[in-house]
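Working notes, structure below.
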4 protein chains.
Amino acid sequence: MANDLNKVLLIGRMTRDPEFKSVNGSSVVNFSIANNRVYVTNGEKKEETHYFDCVAWGRLADILKQYAGKGKQVAIEGRLQQQSWETPEGKKASKIRVYVETAQLLGGQGQGGGSGDRSDSSSSYDSGISSGYDDYPAGDDDIPF
Amino acid sequence: MANDLNKVLLIGRMTRDPEFKSVNGSSVVNFSIANNRVYVTNGEKKEETHYFDCVAWGRLADILKQYAGKGKQVAIEGRLQQQSWETPEGKKASKIRVYVETAQLLGGQGQGGGSGDRSDSSSSYDSGISSGYDDYPAGDDDIPF
Amino acid sequence: MANDLNKVLLIGRMTRDPEFKSVNGSSVVNFSIANNRVYVTNGEKKEETHYFDCVAWGRLADILKQYAGKGKQVAIEGRLQQQSWETPEGKKASKIRVYVETAQLLGGQGQGGGSGDRSDSSSSYDSGISSGYDDYPAGDDDIPF
Amino acid sequence: MANDLNKVLLIGRMTRDPEFKSVNGSSVVNFSIANNRVYVTNGEKKEETHYFDCVAWGRLADILKQYAGKGKQVAIEGRLQQQSWETPEGKKASKIRVYVETAQLLGGQGQGGGSGDRSDSSSSYDSGISSGYDDYPAGDDDIPF
DNA sequence: TTTT
DNA sequence: TTTT
């Protein structure tokens, strides 16, 4: 069986602070990204917003927990993932989300803060951070951006 | 408002023949792609298949209708799209699919055929085809691949 | 012959103002992007900067001329292109550049300005703009960002 | 400093067998990819071929050495890299190549073989293989495709 | 320097 | 359920 190409690249803003949890000792964050699309159809300008659910694991999850937040602009790279589960009624359900492999915080003019004491994290430089299970393309351990 | 980066790249096989319809005079095809993932966790090889819904419009839809089919391997480039609708019960629902902007048929050894008389389309060369509303990066009108 | 997948996605800062020219009535801009890479090798943090030459045509060129500038952070999407030419001595030469199809100006804190009177263009919102030969995924004609 | 987004995705055919060497005990392969572009300008079909130099390291290099070869169709994912060096005359020179992070061999109808005894490797199934310094998204050790 |  |  092949390992097929599967790559997603998005820029958008977090609709809320990343939701953190720990699964079997591993860090996990879930968040949603608002991605705007602007286009012109026969002279008329149109705007749409699409919302995409994202998940990140490991060190990347820790860093996003610490530095990302509602309104922050972020570039993410990852892959599409089909989650499947059974509903309480025993029906099969599935949805698509983005498994984030790398994230770069952009110096956007988001409203920042949101949930309280994250305001101190506004070191305001861009960052590229990756999942961190490998030590290859990674950020710094102390001041990731 | 911005036009945010939104790019998806996938290789996979069509799980069925593209489903064709005409919407306000425009061609539309819907299809699903099986994308395989192979990875190793602590020495153990694992395999998963993820299924992604795709839609294509215009000339690309026409070409996919004519040349693509169940089992065919295809590389697609497009963008993530959040479809939103109301259920018959008046609830809001939404799902993610891939809006295909370009497709390249790969000369894979899929089980081909499926729904009968498409076997004659096995011109068996690769192809890169795009949506065709613009005439810029496009294929030929007669022998697209 | 196929139209093979060829996609490049970069975030970086312009090393200088885009260099504008007109070729057979079409607008062309050339510019260079500084793309930073940060990684860790056996505990040690490393940094590198890579410079990539880019070219854009048409309406995208006009917009970049008007709104982009030295130090601006930009996300670009395009394709790799091999330029070939003959040297004055009659030798064959070739180099790789990025043919930009879409660009999104990011609200970064670059040193801005540079060549004088562009400072007034700091409308400071992000933007996604594309080549504009098609009217499909495009920006606005008046206030592109 | 940021770790900026830098992503390249290409499909093409190897113009020759990968050139293998060992650098400080690490495997390295160099190869060149022919990437075809087909487009239409005012009704006229045009074709171009662009050649891109690629490099892969580690386990991915080993696998490409063993299974890839001249004429093989491959999908690669990686990043742009600017190589810089000094000429024998003491001048600075630089070129752009693709640092390959993942490769998927496609079941194309390349002329295969080429340099002798690779013909036995035509297991002819697609494959997705990655650099292998991490054990995360990887192939099998024995039968990678 | 080049692939199908 | 939503960001600027």
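Worth knowing before you read on, the calculation uses all heavy atoms, side chains too, and leaves out hydrogens, waters and symmetry mates. Below, chains carry the letters A, B, ... as their sequence lines are ordered, and counting in each starts from 1.
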Nucleotide [N], atom [atom2] - distance to [atom1] of [X] in whole Å:
X: E19(A); N: dT1(F); atom1: CD; atom2: C1'; value: 11 Å
X: R13(A); N: dT1(F); atom1: CZ; atom2: P; value: 23 Å
X: Q82(B); N: dT3(F); atom1: CD; atom2: C1'; value: 13 Å
X: M14(D); N: dT1(E); atom1: CE; atom2: P; value: 21 Å
X: M1(C); N: dT2(E); atom1: CE; atom2: P; value: 14 Å
X: K91(B); N: dT1(F); atom1: NZ; atom2: P; value: 10 Å
X: H50(A); N: dT2(F); atom1: NE2; atom2: P; value: 15 Å
X: N36(D); N: dT3(E); atom1: CG; atom2: P; value: 11 Å

Next on the checklist: Ring centres within less than 5.5 Å and planes less than 30° apart: is that true of Y51(D) and dT1(E) in this structure?
Outcome noted: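 One would not call Y51(D) stacked on the dT1(E) base.
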Checklist entry - Can you tell which of dT2(F), dT3(F), dT1(E) lies closest to the side chain of A34(A)? => result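 Minimum distance to the A34(A) side chain belongs to dT3(F).
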Checklist entry - Quick one: which of dT1(F), dT1(E), dT2(E) gets closest to the side chain of K92(C)? => result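 Given the options dT1(F), dT1(E), dT2(E), the side chain of K92(C) is closest to dT1(E).
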Item to check | Check ion pair E101(A)-R79(A) (N to O, under 4.0 angstrom) | outcome: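 Looking at E101(A) and R79(A), the cut-off is met.
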Checklist entry - Can a donor-acceptor pair under 3.5 Å be found between the side-chain atoms of T49(A) and the base atoms of dT3(F)? => result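 Answer yes: a donor N or O sits under 3.5 Å from an acceptor.
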Checklist entry - What pairs with E48(D) under side-chain contact (heavy atoms from CB on, under 4.5 Å), at least two apart in sequence or on another chain? => result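 With sequence neighbours excluded, E48(D) shows a side-chain contact (heavy atoms from CB on, under 4.5 Å) to R37(D), Y39(D), H50(D), given in chain and number order.
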Checklist entry - Can you name the side chain to side chain donor-acceptor pair (under 3.5 Å) partners of E77(C), sequence neighbours left out? => result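 So E77(C) forms a side chain to side chain donor-acceptor pair (under 3.5 Å) with K7(B), K7(C).
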Next on the checklist: Are I33(A) and I76(A) packed together at the side-chain level, in the sense that at least one heavy-atom pair is separated by less than 4.5 angstrom?
Outcome noted: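 Yes, side chains in contact.
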